[in-house]
Amino acid sequence: MAQGEKGMVMRPYSLSSAPHEGFLEMVVTWILKDGRRDDGRGQLTTELFEPAEDAEFVTMDKARGAFLEPADDRQLIMVGTGTGIGPYISILRNALKTGSSKRYVLIHGVARAEDLAYRRELEDMKEKLDLRYYFTTSREETSGRLGAYVEEPFLKRPEGKSGRVNEEEVKAATSSESSGFPLAEVLGTSLTPEDSAIMLCGNPGMVVNISALANHAGFVLKKDSPTCGLERVK
(Lines give C-alpha, C1' and ligand atoms only; values in the text may rest on other atoms or scores of the structure.)
Protein backbone atom coordinates (compact mmCIF):
# COMPACT_ATOMS: atom_id res chain seq x y z
CA MET A 1 0.00 0.00 0.00
CA ALA A 2 1.13 3.55 -0.66
CA GLN A 3 -0.09 6.60 1.23
CA GLY A 4 0.31 10.01 -0.39
CA GLU A 5 -1.54 13.22 -1.12
CA LYS A 6 -4.03 11.34 -3.32
CA GLY A 7 -4.94 8.91 -0.55
CA MET A 8 -4.32 5.21 0.00
CA VAL A 9 -3.59 2.93 -2.95
CA MET A 10 -3.90 -0.79 -2.18
CA ARG A 11 -2.71 -3.71 -4.29
CA PRO A 12 -2.32 -7.45 -3.55
CA TYR A 13 1.18 -8.84 -4.11
CA SER A 14 2.93 -12.03 -3.06
CA LEU A 15 6.47 -12.17 -1.76
CA SER A 16 9.23 -13.90 -3.69
CA SER A 17 11.47 -13.98 -0.64
CA ALA A 18 11.35 -17.02 1.64
CA PRO A 19 10.46 -16.87 5.36
CA HIS A 20 14.09 -17.36 6.45
CA GLU A 21 15.45 -14.51 4.32
CA GLY A 22 16.10 -11.20 6.02
CA PHE A 23 14.39 -9.04 3.40
CA LEU A 24 11.12 -8.66 1.52
CA GLU A 25 11.27 -9.25 -2.23
CA MET A 26 8.51 -8.83 -4.81
CA VAL A 27 8.48 -9.19 -8.58
CA VAL A 28 6.40 -6.44 -10.20
CA THR A 29 5.81 -4.92 -13.61
CA TRP A 30 5.85 -1.16 -13.81
CA ILE A 31 2.55 -0.15 -15.41
CA LEU A 32 2.98 3.46 -16.44
CA LYS A 33 0.41 5.86 -15.04
CA ASP A 34 0.11 8.31 -17.92
CA GLY A 35 -2.95 10.26 -16.75
CA ARG A 36 -5.22 8.84 -19.46
CA ARG A 37 -6.49 5.84 -17.50
CA ASP A 38 -9.45 6.00 -15.12
CA ASP A 39 -9.14 2.51 -13.61
CA GLY A 40 -6.30 3.33 -11.23
CA ARG A 41 -3.83 0.90 -12.81
CA GLY A 42 -0.21 1.89 -12.50
CA GLN A 43 -0.60 4.09 -9.44
CA LEU A 44 1.30 1.86 -7.03
CA THR A 45 4.06 0.72 -9.37
CA THR A 46 4.70 4.31 -10.39
CA GLU A 47 5.09 5.19 -6.71
CA LEU A 48 7.42 2.20 -6.20
CA PHE A 49 9.75 3.24 -9.01
CA GLU A 50 9.31 7.02 -8.76
CA PRO A 51 8.04 7.71 -5.22
CA ALA A 52 6.71 11.13 -4.30
CA GLU A 53 8.45 12.86 -1.41
CA ASP A 54 5.44 12.35 0.87
CA ALA A 55 4.75 8.72 -0.12
CA GLU A 56 4.69 6.08 2.61
CA PHE A 57 4.56 2.33 2.01
CA VAL A 58 2.74 -0.01 4.37
CA THR A 59 2.54 -3.80 4.30
CA MET A 60 -0.06 -5.96 5.99
CA ASP A 61 1.22 -8.68 8.30
CA LYS A 62 -1.61 -11.18 7.72
CA ALA A 63 -1.49 -13.72 4.89
CA ARG A 64 -4.66 -14.89 3.20
CA GLY A 65 -5.42 -17.66 0.75
CA ALA A 66 -5.36 -21.44 0.54
CA PHE A 67 -2.23 -23.22 1.78
CA LEU A 68 -0.85 -26.76 1.77
CA GLU A 69 -0.04 -28.42 5.07
CA PRO A 70 3.67 -29.31 5.48
CA ALA A 71 2.70 -33.00 5.74
CA ASP A 72 1.02 -32.91 2.32
CA ASP A 73 3.52 -34.80 0.16
CA ARG A 74 1.63 -34.62 -3.14
CA GLN A 75 3.54 -33.21 -6.11
CA LEU A 76 2.87 -29.50 -6.43
CA ILE A 77 1.96 -28.13 -9.86
CA MET A 78 2.58 -24.36 -9.85
CA VAL A 79 1.25 -22.35 -12.79
CA GLY A 80 1.98 -18.64 -13.10
CA THR A 81 1.86 -15.93 -15.73
CA GLY A 82 4.09 -12.86 -15.67
CA THR A 83 4.70 -11.65 -12.13
CA GLY A 84 2.49 -14.49 -10.86
CA ILE A 85 5.68 -16.52 -10.53
CA GLY A 86 6.51 -14.61 -7.33
CA PRO A 87 5.00 -16.84 -4.62
CA TYR A 88 6.43 -19.96 -6.24
CA ILE A 89 9.96 -18.61 -5.90
CA SER A 90 9.29 -18.19 -2.18
CA ILE A 91 7.98 -21.76 -1.96
CA LEU A 92 10.99 -23.19 -3.77
CA ARG A 93 13.52 -21.17 -1.79
CA ASN A 94 11.90 -22.44 1.38
CA ALA A 95 12.00 -25.99 0.01
CA LEU A 96 15.75 -25.65 -0.51
CA LYS A 97 16.15 -24.42 3.05
CA THR A 98 14.12 -27.26 4.57
CA GLY A 99 15.51 -30.00 2.33
CA SER A 100 12.13 -30.94 0.90
CA SER A 101 11.91 -34.18 -1.09
CA LYS A 102 8.56 -33.28 -2.70
CA ARG A 103 8.30 -33.05 -6.47
CA TYR A 104 7.64 -29.53 -7.75
CA VAL A 105 6.46 -28.64 -11.26
CA LEU A 106 6.59 -24.99 -12.30
CA ILE A 107 5.09 -23.65 -15.54
CA HIS A 108 5.73 -19.96 -16.21
CA GLY A 109 3.85 -18.22 -19.01
CA VAL A 110 5.23 -15.01 -20.53
CA ALA A 111 5.15 -13.10 -23.81
CA ARG A 112 8.85 -13.41 -24.67
CA ALA A 113 11.85 -15.29 -23.32
CA GLU A 114 13.32 -12.06 -21.96
CA ASP A 115 10.35 -11.92 -19.56
CA LEU A 116 11.29 -15.20 -17.83
CA ALA A 117 12.06 -13.82 -14.39
CA TYR A 118 14.23 -16.02 -12.13
CA ARG A 119 15.10 -18.35 -15.02
CA ARG A 120 18.74 -18.77 -14.04
CA GLU A 121 17.87 -19.32 -10.38
CA LEU A 122 15.27 -21.93 -11.34
CA GLU A 123 17.71 -23.77 -13.59
CA ASP A 124 20.13 -23.93 -10.64
CA MET A 125 17.36 -25.19 -8.34
CA LYS A 126 16.80 -28.16 -10.65
CA GLU A 127 20.15 -29.52 -9.47
CA LYS A 128 19.11 -29.39 -5.81
CA LEU A 129 15.36 -30.10 -5.80
CA ASP A 130 13.02 -32.52 -7.53
CA LEU A 131 11.91 -29.64 -9.74
CA ARG A 132 10.54 -29.72 -13.28
CA TYR A 133 10.68 -26.22 -14.75
CA TYR A 134 8.80 -25.35 -17.95
CA PHE A 135 7.82 -22.14 -19.69
CA THR A 136 5.57 -20.90 -22.47
CA THR A 137 6.02 -17.85 -24.70
CA SER A 138 3.01 -16.42 -26.52
CA ARG A 139 4.63 -13.82 -28.77
CA GLU A 140 7.67 -15.60 -30.07
CA GLU A 141 8.91 -19.08 -30.87
CA THR A 142 11.40 -19.94 -28.14
CA SER A 143 13.65 -22.99 -27.98
CA GLY A 144 12.55 -25.31 -25.21
CA ARG A 145 9.13 -23.80 -24.64
CA LEU A 146 6.27 -26.08 -23.63
CA GLY A 147 3.83 -24.19 -25.83
CA ALA A 148 2.44 -20.72 -26.42
CA TYR A 149 0.07 -20.51 -23.45
CA VAL A 150 0.13 -22.07 -19.98
CA GLU A 151 -3.37 -23.57 -20.47
CA GLU A 152 -2.10 -25.84 -23.24
CA PRO A 153 -0.52 -28.49 -20.94
CA PHE A 154 -3.99 -28.90 -19.42
CA LEU A 155 -5.97 -28.92 -22.66
CA LYS A 156 -5.97 -31.28 -25.64
CA ARG A 157 -6.35 -28.78 -28.47
CA PRO A 158 -7.60 -29.77 -31.94
CA GLU A 159 -4.95 -30.28 -34.60
CA GLY A 160 -3.77 -26.95 -35.95
CA LYS A 161 -5.52 -24.91 -33.27
CA SER A 162 -3.52 -21.86 -32.19
CA GLY A 163 -4.01 -18.48 -30.57
CA ARG A 164 -5.12 -17.65 -27.05
CA VAL A 165 -7.21 -20.30 -25.29
CA ASN A 166 -10.76 -18.93 -25.13
CA GLU A 167 -13.88 -19.63 -23.09
CA GLU A 168 -15.57 -21.61 -25.87
CA GLU A 169 -12.58 -23.94 -26.17
CA VAL A 170 -12.55 -24.57 -22.43
CA LYS A 171 -16.30 -25.22 -22.42
CA ALA A 172 -15.90 -27.76 -25.20
CA ALA A 173 -13.09 -29.51 -23.31
CA THR A 174 -15.04 -29.66 -20.06
CA SER A 175 -18.09 -31.01 -21.89
CA SER A 176 -16.18 -34.02 -23.23
CA GLU A 177 -15.72 -37.33 -21.44
CA SER A 178 -11.92 -37.05 -21.53
CA SER A 179 -10.44 -35.41 -18.44
CA GLY A 180 -6.73 -36.24 -18.67
CA PHE A 181 -4.02 -33.60 -18.96
CA PRO A 182 -1.32 -33.61 -21.65
CA LEU A 183 1.00 -32.50 -18.84
CA ALA A 184 0.77 -35.98 -17.33
CA GLU A 185 2.35 -37.37 -20.50
CA VAL A 186 5.12 -34.76 -20.37
CA LEU A 187 5.88 -35.62 -16.75
CA GLY A 188 5.50 -39.34 -17.30
CA THR A 189 3.42 -39.67 -14.16
CA SER A 190 -0.15 -39.61 -12.92
CA LEU A 191 -1.78 -36.24 -12.35
CA THR A 192 -4.86 -36.64 -10.17
CA PRO A 193 -6.19 -34.96 -7.00
CA GLU A 194 -4.89 -37.92 -5.02
CA ASP A 195 -1.26 -37.42 -6.04
CA SER A 196 -1.09 -33.75 -7.11
CA ALA A 197 -2.09 -30.26 -5.99
CA ILE A 198 -2.37 -27.33 -8.39
CA MET A 199 -1.69 -23.66 -7.62
CA LEU A 200 -2.59 -20.84 -10.02
CA CYS A 201 -1.37 -17.25 -9.92
CA GLY A 202 -1.50 -14.45 -12.45
CA ASN A 203 -3.80 -13.55 -15.32
CA PRO A 204 -7.47 -13.87 -14.22
CA GLY A 205 -8.46 -15.47 -17.52
CA MET A 206 -5.81 -18.15 -17.10
CA VAL A 207 -6.98 -18.82 -13.54
CA VAL A 208 -10.58 -19.25 -14.72
CA ASN A 209 -9.60 -21.50 -17.64
CA ILE A 210 -7.32 -23.88 -15.75
CA SER A 211 -9.65 -23.93 -12.74
CA ALA A 212 -12.45 -25.17 -15.01
CA LEU A 213 -10.22 -27.77 -16.66
CA ALA A 214 -8.89 -28.98 -13.30
CA ASN A 215 -12.37 -29.15 -11.82
CA HIS A 216 -13.43 -31.30 -14.77
CA ALA A 217 -10.56 -33.63 -13.88
CA GLY A 218 -11.76 -33.94 -10.28
CA PHE A 219 -9.79 -31.18 -8.56
CA VAL A 220 -11.68 -29.06 -6.04
CA LEU A 221 -11.23 -25.30 -6.27
CA LYS A 222 -10.43 -23.53 -3.00
CA LYS A 223 -12.84 -20.60 -3.11
CA ASP A 224 -10.83 -18.43 -0.73
CA SER A 225 -7.63 -18.62 -2.78
CA PRO A 226 -6.88 -15.17 -4.23
CA THR A 227 -5.57 -14.33 -7.64
CA CYS A 228 -2.17 -12.87 -6.85
CA GLY A 229 0.55 -10.96 -8.63
CA LEU A 230 -1.95 -8.54 -10.14
CA GLU A 231 -2.25 -4.79 -9.95
CA ARG A 232 -5.84 -4.54 -8.86
CA VAL A 233 -7.79 -2.33 -6.48
CA LYS A 234 -9.39 -4.32 -3.67
Side-chain angles (χ1 to χ4, degrees), residues 14 65-66 68 72 74-89 91-92 102-113 115-117 119 122 126 130-142 144-223 225-230:
S14 295
L68 292 179
D72 190 334
R74 290 178 297 170
Q75 69 175 343
L76 181 55
I77 313 297
M78 304 174 289
V79 186
T81 55
T83 58
I85 194 176
Y88 305 141
I89 298 301
I91 289 171
L92 292 172
K102 178 187 295 191
R103 167 175 287 185
Y104 299 89
V105 179
L106 173 59
I107 306 174
H108 188 199
V110 295
R112 299 178 176 82
D115 302 320
L116 290 169
R119 185 178 184 180
L122 289 165
K126 288 166 58 177
D130 186 359
L131 169 64
R132 308 292 180 87
Y133 166 54
Y134 304 99
F135 61 85
T136 64
T137 52
S138 61
R139 296 186 183 178
E140 67 178 16
E141 292 277 354
T142 306
R145 74 173 186 172
L146 192 58
Y149 297 95
V150 293
E151 290 100 329
E152 292 177 349
F154 299 88
L155 177 69
K156 294 182 178 179
R157 309 191 81 179
E159 188 70 27
K161 183 72 174 180
S162 61
R164 186 176 296 278
V165 176
N166 56 44
E167 182 180 357
E168 289 72 23
E169 194 174 355
V170 173
K171 284 184 177 179
T174 54
S175 298
S176 68
E177 294 183 0
S178 176
S179 60
F181 296 140
L183 179 62
E185 301 175 12
V186 174
L187 296 175
T189 185
S190 173
L191 211 169
T192 68
E194 289 71 35
D195 57 45
S196 306
I198 301 174
M199 287 186 170
L200 307 172
C201 187
N203 182 279
M206 175 276 291
V207 173
V208 170
N209 288 340
I210 297 184
S211 292
L213 295 166
N215 185 251
H216 181 59
F219 289 83
V220 177
L221 176 65
K222 298 292 186 180
K223 297 294 185 181
S225 182
T227 298
C228 53
L230 300 176

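Residue numbers run from 1 in the order of the sequence given.
Listed here is the closest heavy atom pair of L213 and A173: CD2-CB, 3.8 Å. Between E152 and G147, the shortest heavy-atom contact is OE1-CA, 3.4 Å. Residue T174 comes nearest to A212 through the heavy atom pair CG2-O, 3.6 Å, listed as atom of the first residue, atom of the second, then distance. In terms of heavy-atom proximity, S211 sits nearest to L221 at OG-CD1, 3.8 Å. Of all non-hydrogen atoms in M206 and V150, the two that sit nearest each other are CG-CG2, 3.4 Å. Summarising the geometry of F181 relative to F154, their closest heavy-atom pair is CD2-O, 3.4 Å, with the distance given to 0.1 Å.
Here the CG-NE2 distance, from L155 to H216, works out to 10.5 Å after rounding to the nearest 0.5 Å. With values rounded to the nearest 0.5 angstrom, Y104 atom OH is found 9.5 Å from M199 atom CE. Atom CG of residue N209 and atom CZ of residue R164 lie 9.5 Å apart, to the nearest 0.5 angstrom. Residue E169 holds its CD atom at 9.0 Å from CD of E151, rounded to the nearest 0.5 Å. Between the CD1 atom of I210 and the CG atom of N215 there is a distance of 13.5 Å, given to the nearest 0.5 Å. Rounding to the nearest 0.5 Å gives a distance of 9.0 Å between OH of Y134 and CD1 of I77.
Without hydrogens or angle criteria, R74 side chain to P193 main chain gives a donor-acceptor distance under 3.5 Å. Judged by distance alone, the side chain of H108 and the main-chain N or O of T81 form no donor-acceptor pair under 3.5 Å. Not a single donor-acceptor pair under 3.5 Å links the side chain of Y149 to the backbone N or O of T136.
Contacts of T142 classified as side chain to side chain contact (heavy atoms under 4.5 Å, CB included), with partners at least two apart in sequence or in another chain: A113, F135, T137, E140, R145.
A 4.5 Å side-chain heavy-atom check between V186 and P153 finds every atom pair outside the cut-off.
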Checking side-chain contact (heavy atoms from CB on, under 4.5 Å) for the pair V110/I85: CA distance, chi angles, key distance, verdict?
CA-CA 10 Å; V110 295; I85 194 176; over 6 Å; no
The test is side-chain contact (heavy atoms from CB on, under 4.5 Å); show your working for K102 and L68 and say whether it passes.
CA-CA 12 Å; K102 178 187 295 191; L68 292 179; 4.2 Å; yes
Please step through side-chain contact (heavy atoms from CB on, under 4.5 Å) for the pair L76 and I91, ending with a clear verdict.
CA-CA 10 Å; L76 181 55; I91 289 171; 4.3 Å; yes
Might you work through the side-chain contact (heavy atoms from CB on, under 4.5 Å) test for R157 and V165, ending with a clear yes or no?
CA-CA 9 Å; R157 309 191 81 179; V165 176; 3.8 Å; yes
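Listed by first and then second residue, the side-chain hydrogen bond (donor to acceptor under 3.5 Å, both in side chains) pairs involving residues 190-202 are Q75-S196, S190-D195, T192-E194, T192-D195 (not counting sequence neighbours).
By the neighbour-count criterion of 12 heavy atoms within 6.0 Å, atom CD of E168 is densely surrounded, having more than that number from other residues, nucleotides or ligands.
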